[in-house]
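The next block holds one structure in the form of structure tokens; read it before the comments.
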Amino acid sequence: MISDHLQVIDFNKKLKSWYLKNHRPLLWRQTTDPYKIWLSEIILQQTRVAQGTPYYEKFLENYPTVFDLADADERDVLRLWQGLGYYSRARNMHFTARQIVSEFGGKFPETAVTLSKLKGLGHYTAAAIASFAFNEPVAAIDGNVYRVMSRIFGIRSDMLSNEGKKEFAKVAKALISQEDPATYNQAMIEFGAIQCVPVSPNCTICPFNDICYAYAYNVQNELPVKAKKLKVKNRFLNYFIIEQGGKLAMQERNTKDIWKGLYDFFLVESTARVESPEDLTDNDTLLALQRKGNIRQIPKLYIHLLTHQKLHVQFWWVTIPENEHLDLPGNIYFFSKNEVETLPKPILIDTLLKEEKYL
DNA sequence: GACGCGTGGCC
DNA sequence: TGGCCAAGCGT
């Protein structure tokens, strides 16, 4: 374990020198504006740089300051976020933008402790903003940093358990540079991201291969230790895309379920795959669709994978004649094609509408 | 503490 | 191919 002060100084020196030589010139590293740093950190949660970068640029164009984001409608924020996943990030970010404007006059709090009280900011993100924007010496420990520390120092406790987190936090606290915490944190993260990578790291060029526990015992692939994740559940979704006079019936998802805040179609869930709408349990809306509409089955069965759900999705396109009146459940409304385009939708719904040449 | 939350890229 | 997982957080 690292406890000796001189060892820490040596580690920091090597790390910083590696960083200055090897780091990528990412956009959000060219600023100390807490708004831009915050935006980048939220986008990058559980998200690869390549996937998040276009969203970072879009968001800064549309909402250059926290005031612009606070002024926006949540629906538009979600629409801009569409395709990035974990949509609560966008909802929380919007909520927090409004709070920063209304309670702090648009100025971000400057310490990790205060920042972490905001919605969507946990230990990691609060520490990242506090150190990158305000140079506070707090360790920002993300998945990369857990991996680096567990391998180099041979920490085998579960990084997802509270006990494990405490142990990692202790080591991180001993390591962090008091003089330049921003660069130290960036360097640890970047080192994990491009050198100490999860699979098949190239340890022969690693500046720490002389002290690394994992390299010495050839256990890079066993570290870090993470509790195993749960099994994927199968769900069977039957969507009815109700069209009348060119408009589509869509509903906002408001339940405690997937895709909260996004829009989809009239949905009947079943416990297994069904061949035809008649196999679904009776339901007034469904009966009305069968009576008044022309139902066309979309031939393809879509499989959509979420982190812990496998969705088996069957679509039916239902055309209702313009002179028919249809009673829809209270949360479903007809939207024009232009409106449908501007609504935030799960990527599956967006894909279907494009494949059906509606959008 | 356990679990839920998206999407796309990788092999 | 399908299993794995990427700069976490909220409940």
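Below, chains carry the letters A, B, ... as their sequence lines are ordered, and counting in each starts from 1.
Comparing the same atom, P, in C:dC9 and in B:dG8 gives a spacing of 23 Å after rounding to whole Å. Separating the C1' atom of C:dC5 from that of B:dC5 is a span of 15 Å, rounded to the nearest Å. With both ends at atom C1', the span from C:dA6 to B:dG6 equals 12 Å, rounded to whole Å.
Interatomic distance, A:Ile332 CD1 to A:Asp264 CG, rounded to the nearest 0.5 Å: 8.5 Å.
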For residues 47-58 of chain A, run the donor-acceptor check on the side chains, cut-off 3.5 Å, and write out each pair with its distance to 0.1 Å, sequence neighbours left out.
from	atom 1	to	atom 2	distance (Å)
A:Thr47	OG1	A:Ile43	O	3.3
A:Thr47	OG1	A:Gln45	O	2.8
A:Thr47	OG1	A:Arg89	NH1	3.0
A:Thr47	OG1	A:Arg89	NH2	3.4
A:Thr53	OG1	A:Val49	O	2.7
A:Tyr55	OH	A:Gln82	O	2.7
A:Lys58	NZ	A:Leu80	O	3.2

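Nucleic acid contact for A:Ser40: none, since no nucleic acid atom lies under 4.0 Å from a heavy atom of the residue. Using a 4.0 Å heavy-atom distance criterion, A:Val49 is classed as a base contact. When heavy atoms are screened at a 4.0 angstrom cut-off, A:Arg235 is found touching no nucleic acid atom at all. Counting any heavy atom pair closer than 4.0 Å across all strands shown, A:Lys233 reaches sugar-phosphate atoms only and no base atom.
A heavy atom closer than 4.0 Å to some atom of DNA chain C occurs in A:Trp28, A:Arg29, these being the qualifying members of residues 28-37 of chain A.
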For nucleotides 6-11 of chain B, read 5' to 3', which letter fits each nucleotide if B means a protein heavy atom sits under 4.0 Å from the base, S means only the sugar-phosphate is that close, and - means neither? BBB---
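Residue A:Lys226 places at least one side-chain N or O under 4.0 Å from the OP1 or OP2 atom of C:dA6. Between A:His308 and the phosphate of B:dC3, there is no side-chain N or O to OP1/OP2 separation shorter than 4.0 Å.
Along DNA chain C, the nucleotide nearest A:Lys119 and the nucleotide nearest A:Gly192 are compared for position; the residue whose nucleotide lies closer to the 5' end is A:Gly192.
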